[in-house]
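Take a look at the structure below.
Heads up: numbering here begins at 1 and tracks the sequence.
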Amino acid sequence: MAHLHTCIARMAVWSRLACLGSVSRGRRTLSIFSSSSPSNWTKVVSDAEKIVGYPTSFMSLRCLLSDELSNIAMHVRKLVGTKHPLLNTARGFVYDSKHNLQMRGLVVLLMSKAAGPGSTAPDALLPDMVSGIYPSQRNLAEITELIHTAFLVHRGIVNLKDWTYSDGPLKEMQFGNKMAILSGDFLLANACTGLAQLNNTKVVELISSAIGDLVQGVYHENSSSTEEGNLSVASWEDQTFLSHGALLAKSCQAAMELARHNTEAQMLAYQYGKHLALGHTLNLDLQPFLKSSSDPTLFSLDSAPVVFHRLVVGPERWLHQLQQSQSTTKQTDYSKLRRLIKTEQGVSQAADLCSYHGNKALEAIRLFPPSEARSALENIASAVMKF
């Protein structure tokens, strides 16, 4: 019970941090979609979904179709015509399922199936398994997706200090912020309720600590060191793990705990989730630098290729390049800045780091027994290394 209270307390802190650290221009943007090699990635995910029994795009459908969220959806319609990010997040839930990637829940299900029941798991639970996965592990996968979705919704809060008339009426933008807070809190409350129903103290502890990591990640992203451009590669990895990797890593570990696996199996699952998440984030960060130069894609100044580039050229030259890329109105020309970054080794170093994490994920999963599920997890890890 104490761990559940901790989970709820961290949820409240998260919600307050979301208000303080709202989205501003130039920050890393988050998405429930993957943009890495769409056709190849879609096939990998589609094949994996067949193994676990159903499309993971329907994983949180019970929550999304509830009366409470239906009422929220009706209010979100008022944001049509504005540039509030909550609108894009909501649109993502009804987007073509071929482009929808709920990777975290899918990986938790595949990991559960690849590992099977632990040696100390009671035989009485075996009849409850569907496609080699316990009902509690499927519930855990849904909880993981709810937490991640709530994180995305909360991150869609707009910093109204940067508001301009082109974004839409100020009153509607303020309304959008209120809806982002309420709908994110609703999803988190549902996740905490589901977590309590698992009746496993260690799992509650793991997932509540992952929520704490997400809160810490948001805090670091809004710290002064990031804004001043002093982020090192080690700091980038630590921050990215908190914001993007901890939830998947600890959910994979929790899936092993639910099946009564030993500490060694739990740590292998944790390592796979950690390195896969880091590799996936690196892949997404690399995408704007791998597209044609005519494509005006925005990118975060805290993305991995930019962090590596800053270290290569040094702070003085980096500031000079930023100034070169700014117009008289102080608007950054991202196409010009991208061309400058691509002339150095930052992009290739980020690609090397992506391959490193992808290979570490492969090392961890290959210590599990051969199976269809293990092969699917190998394919997912390999896919994050393809650009």
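- With sequence neighbours excluded, no residue satisfies side chain to side chain donor-acceptor pair (under 3.5 Å) with Gln324.
- The closest side-chain heavy-atom distance from Asn359 to Met385 is below 4.5 Å.
- Note on Ile341 and Leu322: same hydrophobic cluster, where clusters join Ile, Leu, Val, Met, Phe, Trp and Tyr whose side-chain heavy atoms are under 4.5 Å apart, directly or indirectly.
- Cluster annotation: Ile147 and Phe241 are assigned to distinct hydrophobic clusters (Ile/Leu/Val/Met/Phe/Trp/Tyr, side-chain heavy-atom contacts under 4.5 Å, transitive).
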Sequence neighbours left out, cut at 3.5 Å: what donor-acceptor pairs do the side chains of residues 246-256 make with other protein atoms?
from	atom 1	to	atom 2	distance (Å)
Lys250	NZ	Ser209	OG	3.1
Lys250	NZ	Asp213	OD2	2.7
Ser251	OG	Thr144	OG1	2.9
Ser251	OG	Leu247	O	2.7

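- The two residues Gln137 and Ala259 make their nearest non-hydrogen contact at NE2-CB, 3.5 Å.
- Taken together through direct or relayed side-chain contacts under 4.5 Å among Ile, Leu, Val, Met, Phe, Trp and Tyr, Val204 and Tyr270 form parts of separate hydrophobic clusters.
- For Asp238, there are no side chain to side chain contact (heavy atoms under 4.5 Å, CB included) partners two or more places apart in sequence or in a different chain.
- Between Trp318 and Val306, some side-chain heavy-atom pair lies under the 4.5 Å cut-off.
- By the side chain to side chain contact (heavy atoms under 4.5 Å, CB included) test, Glu363 is found to be paired with Lys360, residues two or more places apart in sequence or in another chain being considered.
- Looking at residues two or more places apart in sequence or on another chain, you find no ring pair (Phe, Tyr, Trp, His ring centres under 6.0 Å) involving His261.
- With sequence neighbours left out, Gln321 forms a side chain to side chain donor-acceptor pair (under 3.5 Å) with His309.
- For Ser348, the side chain to side chain donor-acceptor pair (under 3.5 Å) partners are Gln345, not counting sequence neighbours.
- Two residues are said to be in side-chain contact when any heavy atoms from C-beta on lie closer than 4.5 Å; Leu362 and Ser382 meet this criterion.
- Taking all atoms of both residues into account, the shortest heavy-atom contact from Leu278 to Glu237 is CD2-O, 4.0 Å.
- The shortest distance between side-chain heavy atoms of Arg310 and Val307 falls below 4.5 Å.
- No side-chain heavy atom of Leu367 sits under 4.5 Å from any side-chain heavy atom of Glu264.
- In plain terms, the two heavy atoms of Ala277 and Gly245 that are nearest each other are CB-CA, 3.5 Å.
- Shown here for Ser243 and Leu214, the closest heavy-atom pair between the two residues is O-CD2, 3.2 Å.
- Both Phe368 and Leu276 belong to a single network of hydrophobic side chains, linked directly or stepwise wherever heavy atoms of I, L, V, M, F, W or Y lie under 4.5 Å apart.
- Under a hydrophobic-cluster definition in which Ile, Leu, Val, Met, Phe, Trp and Tyr are linked whenever side-chain heavy atoms come within less than 4.5 Å, directly or via other members, Leu340 and Leu286 are assigned to different clusters.
- In this structure the side chain of Leu337 reaches within 4.5 angstrom of the side chain of Leu301, judged on heavy atoms.
- Judged as a side chain to side chain donor-acceptor pair (under 3.5 Å), and not counting sequence neighbours, Lys113 has no contacts.
- Using a 4.0 Å cut-off between charged nitrogen and carboxylate oxygen, Arg138 and Glu142 do not count as a salt-bridge pair.
- Applying the salt bridge (Lys or Arg N to Asp or Glu O under 4.0 Å) rule to Glu344 yields the partners Arg317; only residues at least two apart in sequence or on another chain are considered.
- With sequence neighbours excluded, the residues forming a ring pair (Phe, Tyr, Trp, His ring centres under 6.0 Å) with Phe289 are Phe299, listed by chain and number.
- Inter-residue side-chain proximity for Leu353 and Phe308 is flagged as met; some heavy-atom pair is nearer than 4.5 Å.
- With sequence neighbours left out, the side chain to side chain contact (heavy atoms under 4.5 Å, CB included) criterion links Asp352 to no other residue.
- Atom CD of Glu372 and atom CG of Asn379 lie 11.0 Å apart (nearest 0.5 Å).
- The shortest side-chain heavy-atom distance between Thr343 and Arg339 does not fall under the 4.5 Å cut-off.
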